[in-house]
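This report concerns only the one structure given below.
Residues take their numbers from the sequence shown, with the count starting at 1.
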Amino acid sequence: MAMVGLFWIAEGDVYVGAKPTGSAPGIRLTPDGVVALGDGQSGLHLFEDVRALTVADVPVKSLKRQVGVVTDVALDVVMNLGMTLGPGLSGEAPPLMTVGLEAQDGTYELKVYVAAAVGYTPTEVELSRTLLSRLTEGAATMATTLAAMSEWGRAREGGTPRGAQREELLRGWVG
């Protein structure tokens with residue numbers, strides 16, 4: 001499993017945002033289309049019907065955000081040491097992003113969890129948005145782009161690559 005830009009790639013599966021579990025919201029990109037997952041947003045939107053994919057509410061990495069996350073983690077550790085309830089006491093879910101999907105039958109706002117603890121770099125956000133746009137340019141573009149992302153995920157070992165490598169991958173997939 002690895003995060004590359006706004007995408008979570010787990011073996012051959014490509015998700016926008018974090019890979020969902022259980023009834024959590026999420027989006028999986030398949031050769032057939034966009035699969036909305038989770039309570040209240042399940043369904044398949046065929047790529048032949050999808051006109052646009054956009055993403056909003058993306059947290060952008062900043063020093064303030066990084067300091068806030070470190071502070072939250074430190075407070076969580078202190079609280080967990082003092083209480084017997086164990087880790088995850090706060091129970092807070094990660095922030096949500098909104099994926100806009102424009103299809104022939106209407107416009108949808110789908111939710112996905114953020115996968116990056118301190119946000120995404122501005123370059124990764126821009127490249128990811130461009131890549132999402134490319135997926136709606138036609139069947140050949142979508143198929144080759146998703147195939148390249150899936151193939152990379154199947155061959156990948158060792159988790160999420162460093163920032164420069166993620167940007168290089170995104171640029172390659174954008175073309």
Side-chain angles (χ1 to χ4, degrees), residues 1-22 24-38 41-62 65-66 69 93-103 108 110-175:
M1 293 188 287
M3 181 189 70
V4 180
L6 302 180
F7 304 96
W8 189 262
I9 304 172
E11 296 169 6
D13 296 332
V14 179
Y15 299 88
V16 179
K19 178 182 177 181
T21 59
I27 293 176
R28 182 173 168 219
L29 303 174
T30 72
D32 293 327
V34 178
V35 180
L37 305 166
Q41 66 177 34
S42 60
L44 170 66
H45 302 275
L46 298 174
F47 270 118
E48 62 194 45
D49 299 331
V50 176
R51 295 180 183 149
L53 283 170
T54 59
V55 65
D57 309 319
V58 179
V60 178
K61 187 182 283 189
S62 67
R65 182 177 296 280
Q66 289 173 317
V69 168
L96 289 167
M97 297 185 291
T98 304
V99 176
L101 185 147
E102 184 183 321
Y108 301 87
L110 305 170
K111 299 294 183 181
V112 299
Y113 282 119
V114 170
V118 294
Y120 303 92
T121 68
T123 302
E124 283 184 281
V125 172
E126 179 184 333
L127 289 167
S128 296
R129 286 179 168 152
T130 301
L131 184 53
L132 281 170
S133 178
R134 267 188 67 67
L135 293 175
T136 64
E137 290 177 358
T141 301
M142 179 277 306
T144 54
T145 302
L146 267 183
M149 295 172 80
S150 294
E151 181 59 35
W152 178 86
R154 280 189 289 276
R156 176 72 183 164
E157 293 180 17
T160 299
R162 296 243 182 242
Q165 293 170 310
R166 293 192 307 267
E167 290 175 14
E168 183 180 326
L169 283 165
L170 289 166
R171 283 187 183 92
W173 295 331
V174 166

So, for [X] and [Y], which heavy atoms are closest and what is the spacing to 0.1 Å?
{"X": "Pro25", "Y": "Pro20", "result": "O-CB, 3.6 Å"}
{"X": "Ala18", "Y": "Val114", "result": "CB-O, 4.1 Å"}
{"X": "Met97", "Y": "Asp57", "result": "CG-O, 3.6 Å"}
{"X": "Gly17", "Y": "Trp8", "result": "O-CB, 3.0 Å"}
{"X": "Ala10", "Y": "Met1", "result": "CB-CG, 3.7 Å"}

Under 4.5 Å between any side-chain heavy atoms of [X] and [Y], yes or no?
{"X": "Ile27", "Y": "Tyr15", "answer": "no"}
{"X": "Phe47", "Y": "Leu135", "answer": "yes"}
{"X": "Met149", "Y": "Leu29", "answer": "no"}
{"X": "Val55", "Y": "Ser128", "answer": "no"}
{"X": "Thr98", "Y": "Lys111", "answer": "yes"}

Give, for atom [atom1] of [X] and atom [atom2] of [Y], the distance between the pair rounded to the nearest 0.5 Å.
{"X": "Thr21", "Y": "Leu37", "atom1": "OG1", "atom2": "CG", "result": "11.0 Å"}
{"X": "Leu132", "Y": "Leu127", "atom1": "CG", "atom2": "CG", "result": "11.5 Å"}
{"X": "Ile9", "Y": "Arg156", "atom1": "CD1", "atom2": "CZ", "result": "10.0 Å"}
{"X": "Thr30", "Y": "Asp13", "atom1": "OG1", "atom2": "CG", "result": "9.5 Å"}
{"X": "Trp152", "Y": "Glu11", "atom1": "CH2", "atom2": "CD", "result": "12.0 Å"}
{"X": "Leu53", "Y": "Glu102", "atom1": "CG", "atom2": "CD", "result": "10.0 Å"}

query: Do other residues, nucleotides or ligands put more than 12 heavy atoms under 6.0 Å from the CD atom of Glu126?
result: no
Report task. Give the intermediate values and the outcome of side chain to side chain contact (heavy atoms under 4.5 Å, CB included) for residues Tyr120 and Lys61. Result -> CA-CA 5 Å; Tyr120 303 92; Lys61 187 182 283 189; 5.9 Å; no
Do [X] side-chain atoms and [Y] backbone N/O form a donor-acceptor pair below 3.5 Å?
{"X": "Arg166", "Y": "Pro161", "value": "yes"}
{"X": "Thr136", "Y": "Ser133", "value": "yes"}
{"X": "Glu124", "Y": "Gly163", "value": "no"}
{"X": "Gln41", "Y": "Gly38", "value": "no"}

(request) List the steps, then state whether side chain to side chain contact (heavy atoms under 4.5 Å, CB included) holds for Val50 with Met142. (result) CA-CA 11 Å; Val50 176; Met142 179 277 306; over 6 Å; no
Q.
Please determine whether side chain to side chain contact (heavy atoms under 4.5 Å, CB included) holds for the pair Phe7 and Leu170, giving the CA-CA distance in whole Å, both sets of side-chain angles, and the decisive distance to 0.1 Å.
A. CA-CA 10 Å; Phe7 304 96; Leu170 289 166; 4.2 Å; yes
_Parallel, tilted or perpendicular: rings of Tyr108 and His45 (30°, 60°)_ = tilted
With salt bridge (charged side-chain N to carboxylate O under 4.0 Å, His left out) as the criterion, how do Arg154 and Glu151 come out once you've worked through the C-alpha distance, each side chain's angles and the decisive distance to 0.1 Å? CA-CA 5 Å; Arg154 280 189 289 276; Glu151 181 59 35; 3.4 Å; yes
Can Arg134 and Glu137 be counted as an ion pair, charged N to O under 4.0 angstrom? yes
